[in-house]
Amino acid sequence: MDKKKLALSAMAVLATVSLAACSSNKSSSSSSGTNASVKLASAYNNTKPTDKSATNNSTLKVAEPNDSPFQGISDPVLSTNSEDADVFSPSGSDSLWKVDKNYKIIDGGLANQKINRKAKTVTITLRSDAKWSNGSKVTAKDIEYPYEVIANPKTTSQQYSADFNHIKGMAAYHAGKAKTISGITFPDGEKGRTAVLHLDKVTPAMQYSGNSFIWSTVEPYEYIKNVPIAKLASSSQVRKNPIFTGPYKLDKVVEGESTTWSPNKYYYGKKAQIKHISINVVSSNNIDKAIQSKKYDFTVPASVMHGTDYKQLKNLKNYKMIGQPALSYDYFGFNVGHYDTKTQKNVMDKNSKMANKSLRQAMMYALNLDAVTKKFGNGITWRANTLIPPIFTKYYDASAKGFPLNIKKANKLLTDAGYKKRNGSKWRSDPNGKKLTIYFGAMTGTSAQAAEYQDYLQQWHKIGLNVQFTGGKTMEMNSFYSTLQQPKQSKIDVYAAAWGLSSEPTPTQLYGEDATYNMGHFVSKKNTQLINNMNNDKAWNESYRTKAFKEWQEYMNDQAAVAPGSFSYNWGPVNKRVKGFDVGPDNNEFWSSLSLTSSSLE
């Protein structure tokens, strides 16, 4: 199964922060590298026989827990949030690759890949029976066109990062200096089956799905070629009548609310068994009641379910709780700069309100994330200690401490940096003696999340910082991200958000100098160097690469411009009439493998 979440195996903005809060001055735990106290299986081994009549005639009912309407951008190249990827997931998301349990690319997908280190090429060859859901052939041009969409100067895609510049001609095309990408060639023509990428270097990351060097989905060039790239995201070909390469085809989309699906007869892989699927958005406040009243078979794999939901649902007799460590993490971001639209690079502003590292560190040490996750995570959420989650067992630094509660340290950091209370004020002013008000951006969510946000404010007030909600209240998700994604904004100084990650952990697309997802705009030469080290020539040596990842984690914790919040299981309830449910990375046929044991939910 392709683990999307940053627009599938690329990148996109995930939304929700987890849980609620209740704090003291002492951390409940300062241990590092902590784990979930609950163990969940990644598959439901249902031994009941499939009911063919039910599988043919019933509708598989799937819920997408979310408090906002989905945007409706079906194209992974253009999508910017995981909710869109969720509601369009029966399509197979147009993924090129088949992967093993470590997300390593293996033969047998829509295409095979061959890396030639000596020639510095990557050859991608489509299978002979690759077709779109309208019956047209998938071609070599369909492999190449995503790169044009991503790098076009007028694109609305946010997937571009410096890693793509290793493809010859990509930088020139991105800058508008060339009309084509010279480094992508077609040995048997654009309508053939093979595309060759010519690079200035090949990297270890390229062996894995979701890496930031080689794009992992196709675009239906013939179907969308007449739509200007700048208008593609709003086109009917993307929003109303998209075509796909996966096991299901889209029957209908109700804008922001639901999608319905039926089998794609042109799919090359395992034939879809269930004839009807519906996916509906359900608010986070209603999802537990909806599952308890047996309205849905399961929640979309990789959608957001909280620890508070787990507490409500874990003992249901007719559902099995299934999950695995999430390809995601909650984090705190600080606004320390802006995005220069001319150079297309992030720039740190030395005089920005949050530019002082001690201020950022102090705000993190003031939070009691251990107590919050212990009380409300219900065993499936725990304090994060780095910006690489533990699902990446090779690269995750379990020894990192992160930011356990330490009020004394927080106060000392502020005082030593010149943030002092002056003239009898209960609030600290900045080192120049000017009034300091810090604006906190947070998305509207569950009542538990609302309590958590209030706890953050309370903890920050304890150390004398006047922190207030942006606009006096939480923000609707789309408004929150549209504010953060402006090239320059001063409404939000610190924010709570989450990343859903691709299945290869190189963070260039999130924290690189030219990454549009770098919404706090943290940039330094050392950060660029440490990220580059993860994929330099030495990084083909696994021990060197592991060390490079751990050095970056240590550096980011020290800088605290983006700070870890929590890790969690990606989990969901599965009704016991569902058979073949397996969210393991190496199940490349998730939707096709599903069948039903009865016509109604158990």
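Relative to the ring axis of Tyr221, Lys141 places its NZ or CZ within 45° and under 6.0 Å from the centre.
Side-chain N/O atoms of Asn280 and Tyr296 include no donor and acceptor closer than 3.5 Å. Using a 3.5 Å distance cut-off with no hydrogens or angles, the side chains of Ser262 and Lys249 do pair a donor with an acceptor. For the residue pair Ser68 and Asn66, no side-chain donor N or O sits within less than 3.5 Å of a side-chain acceptor on the partner. For Ser303 and Asp86, the side-chain atoms include no donor-acceptor pair closer than 3.5 Å. A donor-acceptor pair shorter than 3.5 Å can be found between the side chains of Glu504 and Thr506.
Note on ring orientation: taking the six-membered ring where Trp is involved, the planes of Tyr160 and Phe164 are tilted (angle from 30° to 60°). In this structure, Phe392 and Tyr103 have tilted ring planes: the angle between them lies in the 30° to 60° band. Under the 30°/60° scheme for interplanar angles, the aromatic rings of Tyr331 and Trp499 are found to lie parallel.
Separating the OH atom in Tyr395 from the CD atom in Gln553 is a distance of 11.5 Å, to the nearest 0.5 Å. The structure places CE of Met534 at 6.0 Å from CD1 of Ile388, a figure rounded to the nearest 0.5 Å. Remark: Ser209 OG to Lys98 NZ distance equals 13.5 Å, nearest 0.5 Å.
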Side-chain polar contacts of residues 166-173 - donor-acceptor pairs under 3.5 angstrom, sequence neighbours left out - could you list them?
unit_1 : atom_1 : unit_2 : atom_2 : d
His166 : ND1    : Asp200 : OD1    : 2.8
Tyr173 : OH     : Glu148 : O      : 3.2
Tyr173 : OH     : Asn152 : ND2    : 3.2

Going by atom type alone, with no hydrogens or angles, which donor-acceptor pairs under 3.5 Å involve a side-chain atom of residues 229-239 and a protein atom two or more places apart or on another chain?
unit_1 : atom_1 : unit_2 : atom_2 : d
Ser234 : OG     : Lys231 : O      : 3.1
Ser235 : OG     : Leu232 : O      : 2.7
Ser235 : OG     : Val238 : N      : 3.4
Arg239 : NE     : Ala233 : O      : 2.9
Arg239 : NH1    : Gln71  : O      : 2.4

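The minimum heavy-atom distance between Ala326 and Ile391, with the atom names listed, is O-CG2, 3.7 Å. The minimum heavy-atom distance linking Tyr511 with Ile531 is given by the pair O-CD1, 4.0 Å. Arg545 and Asn535 make their closest contact through NH2-OD1, 3.1 Å (heavy atoms, listed as atom of the first residue, atom of the second, distance). When every heavy atom of Leu60 is checked against every heavy atom of Val578, the shortest pair comes out as CD1-CG2, 4.3 Å. Taking both residues in full, the closest heavy atoms of Gly512 and Asn346 are given as O-ND2, 3.7 Å, listed atom of the first, atom of the second, then distance. Between Ile279 and Val87 the shortest heavy-atom distance is CD1-O, 3.6 Å.
More than 12 heavy-atom neighbours from other residues, nucleotides or ligands sit within 6.0 angstrom of NZ on Lys275. Counting non-hydrogen atoms of other residues, nucleotides and ligands closer than 6.0 Å to NZ of Lys120 gives a total of 12 or fewer. Environment of CD in Gln486: crowded, with over 12 heavy atoms of neighbouring residues, nucleotides or ligands closer than 6.0 Å. For Lys201, the NZ atom sits in a packed shell: over 12 heavy atoms of surrounding residues, nucleotides or ligands are nearer than 6.0 Å.
By the 4.5 Å heavy-atom criterion applied to side chains, Pro65 and Met305 are counted as neighbours. Annotation: side chain of Pro76 is not in contact with side chain of Gln159 (no heavy-atom distance under 4.5 Å). Side chains of His338 and Pro487 form no contact here, defined as non-hydrogen atoms less than 4.5 Å apart.
Look at Asp188 and Arg193 and you find no salt bridge, because none of the NZ, NE, NH1 or NH2 atoms lies under 4.0 Å from a carboxylate O. In summary, Lys342 and Asp340 do not engage in a salt bridge, as defined by a charged side-chain N under 4.0 Å from a carboxylate O.
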Query raised in the report: Are Phe590 and Phe581 close enough, and set up right, to give a ring pair (Phe, Tyr, Trp, His ring centres under 6.0 Å), and what steps lead you there?
Result: CA-CA 7 Å; Phe590 173 80; Phe581 190 100; 5.1 Å; yes
Query raised in the report: Run the side chain to side chain contact (heavy atoms under 4.5 Å, CB included) check on Asn527 and Trp552 step by step: do they pass?
Result: CA-CA 7 Å; Asn527 185 45; Trp552 179 78; 2.8 Å; yes
Query raised in the report: Given Glu64 and Glu83, is the side chain to side chain contact (heavy atoms under 4.5 Å, CB included) satisfied, shown in steps?
Result: CA-CA 8 Å; Glu64 165 64 14; Glu83 287 73 23; 3.4 Å; yes
Report task. Determine, step by step, whether Asn575 and Tyr44 satisfy the side chain to side chain contact (heavy atoms under 4.5 Å, CB included) criterion, reporting the C-alpha distance in whole Å, the side-chain angles of both residues, the deciding distance to 0.1 Å, and the verdict. Result -> CA-CA 10 Å; Asn575 188 269; Tyr44 170 37; over 6 Å; no
**Report entry** Derivation of the side chain to side chain contact (heavy atoms under 4.5 Å, CB included) call for Trp215 and Leu96
**Finding:** CA-CA 9 Å; Trp215 188 253; Leu96 282 164; over 6 Å; no
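Of the candidates Trp261, Trp132, Tyr267, Trp261 is the only one forming a ring-ring contact (aromatic ring centres under 6.0 Å, His included) with Phe244.
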